[in-house]
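Worksheet: one structure, shown below.
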Amino acid sequence: MGRKFLIALGGAMLTLSMAACSGGGAGSSGDKSGEKPSDLTIGVSMPTQTSERWIADGNAVKSKLEAKGYKVDLQYAGDDIPTQSQQVDQMITQGADVLVIAAIDGTALNSQLQAAAAAKIPVISYDRLIRGSKDVDFYVSFDNYKVGVAQGTALLVGLGLLNKDGSKGTAKGPLNVELFAGSLDDNNTQYFYGGAMDTLKPFIDDGTLVVKSKQTTPEQIATLRWQQETAQKRMENLLTSSYNDGSKVDGVLSPYDGISRGIITALQNAGYGSGAKKLPVVTGQDAEIASIKLINDGVQGSTIFKDTRLLADQAVNAAEAFLQKKQPQANDTKTYDNGVKVVPAYLLPFATVYKDDIKATLIDSGYWTAEEVAAGQAKK
Ligand code: BGC
């Protein structure tokens with residue numbers, strides 16, 4: 001399910017979306033440009049507080065909007081779909097002027113979005129695209145397909161098959177790898193998976209990489225709600241079922257730092273990382289502080305840094321544009337088809353972080369302090 005697949009899907013959906021859009025209406029907020037920011041409320045719905053990044057996202061969006069004088073109703077849904085639906089319903093009935101939503105399940109908020117459209121409340125999909133609704137007005141995120149490519153590449157670099165500059169490395173296969181994906185109800189999962197698989201597939205096809213479990217489809221390798229414990233369990237099962245013959249795992253594709261830590265715990269419990277049994281190369285995403293420490297200590301191989309401060313800025317820009325009855329500035333109007341329409345998007349760049357990059361990318365930019373990295377814990 002790579003770029004090619006996504007493009008084909010996009011083409012088909014574009015036709016559909018043009019039909020769906022001809023009724024008009026997206027982004028049709030009432031003109032709030034005459035109103036004072038202090039009279040306007042932005043509802044911000046975030047999925048969970050179990051992952052640091054969403055706490056950082058919520059705080060950044062809230063404080064940036066408040067600094068401009070707006071009122072903010074920030075809610076976390078504890079990764080529970082009915083809770084998120086209820087919270088968004090409430091934001092609508094309490095008169096939110098714009099909604100910023102990072103969905104738990106990208107398809108579960110349709111009736112809320114209809115209610116928002118009826119009340120002329122613009123909806124900004126935050127990092128995770130809401131699917132199956134024409135009432136999504138804008139999308140702010142990162143280039144999620146490229147994130148997947150970067151994760152696949154980081155696995156190849158960690159294994160020594162590629163150098164960081166993309167040239168061929170000195171390692172030779174066959175090397176054993178296992179693959180993990182995110183939650184299937186999150187629209188981003190297919191992009192991360194597609195990008196990573198497009199990158200790894202040639203190496204799998206020519207036998208350089210071997211997936212001993214033979215589990216390679218999104219359904220086989222998905223991790224519901226991105227949960228660390230679920231990933232740990234699956235890694236334990238993989239070790240028992242496919243590596244009980246003395247063979248070793250050399251690398252694991254992981255789409256998110258929490259999942260990476262679950263994988264690493266399972267491996268350590270099975271004796272990896274002590275004596276001659278080297279820990280495999282494990283990728284990640286989100287630059288969570290616990291994983292940055294593991295990368296610094298040489299335990300986790302890499303992560304993807306997505307600067308939530310910049311994403312919050314884009315959400316704030318988009319919210320303000322809607323309040324002034326303008327269209328927010330998009331830099332991608334082709335990629336993010338939600339099944340009903342192509343949602344205009346602003347996509348931000350990101351960075352791969354290996355041990356050598358921690359200082360320049362994370363400490364010098366003020367994302368984490370050197371003390372936090374050493375402790376593996378956030379101060380604030
Ligand atoms: C985000 C990732 C995050 C994952 C789990 C995805 O939608 O794009 O940054 O790792 O959710 O929270």
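We count ligands from 1, going down the list as the structure has it; atoms in each ligand are counted the same way. For this chain, numbers begin at 1 and follow the sequence in order.
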Of D186, T223, T50, which has the heavy atom at the shortest distance from atom 6 (C) of ligand 1?
D186
If the cut-off is 4.0 Å to any non-hydrogen atom of R128, which atoms of ligand 1 fall inside it?
4 (C), 5 (C), 6 (C), 7 (O), 11 (O), 12 (O)
Checking contacts here: is it the side chain or the backbone of Y126 that comes within 4.0 Å of ligand 1, counting heavy atoms only? Could be both or neither.
neither
Closest protein heavy atom (residue, atom, distance) for atom 3 (C) of ligand 1:
D286 OD2, 3.3 Å
Sequence neighbours excluded, the answer for side chain to side chain contact (heavy atoms under 4.5 Å, CB included) partners of K201 is D205
Side-chain heavy-atom pair Y243, N176 within 4.5 angstrom cut-off:
yes
On the six-membered ring of F350, is K306 placed so that its NZ or CZ lies under 6.0 angstrom from the centre and within 45° of the ring axis?
no
With a cut-off of 4.0 Å, which atoms of ligand 1 are near a heavy atom of F192?
8 (O)
Using the benzene-type ring in the case of Trp, are the ring centres of F305 and Y367 under 6.0 Å apart?
yes
Measure the distances from the heavy atoms of W54 to every atom of ligand 1 and state whether one is below 4.0 angstrom.
yes
Ignoring hydrogens, what is the shortest heavy-atom contact between Y272 and V249? Give both atom names and the distance.
OH-N, 2.9 Å
Atom 8 (O) of ligand 1 - nearest protein heavy atom and its distance
D127 OD2, 2.7 Å
Salt bridge (charged side-chain N to carboxylate O under 4.0 Å, His left out) partners of residues 279-299, not counting sequence neighbours, each pair once
R261-E288, K293-D297
Side chain or backbone of T48 under 4.0 Å from ligand 1, or both, or neither, by non-hydrogen atoms?
neither
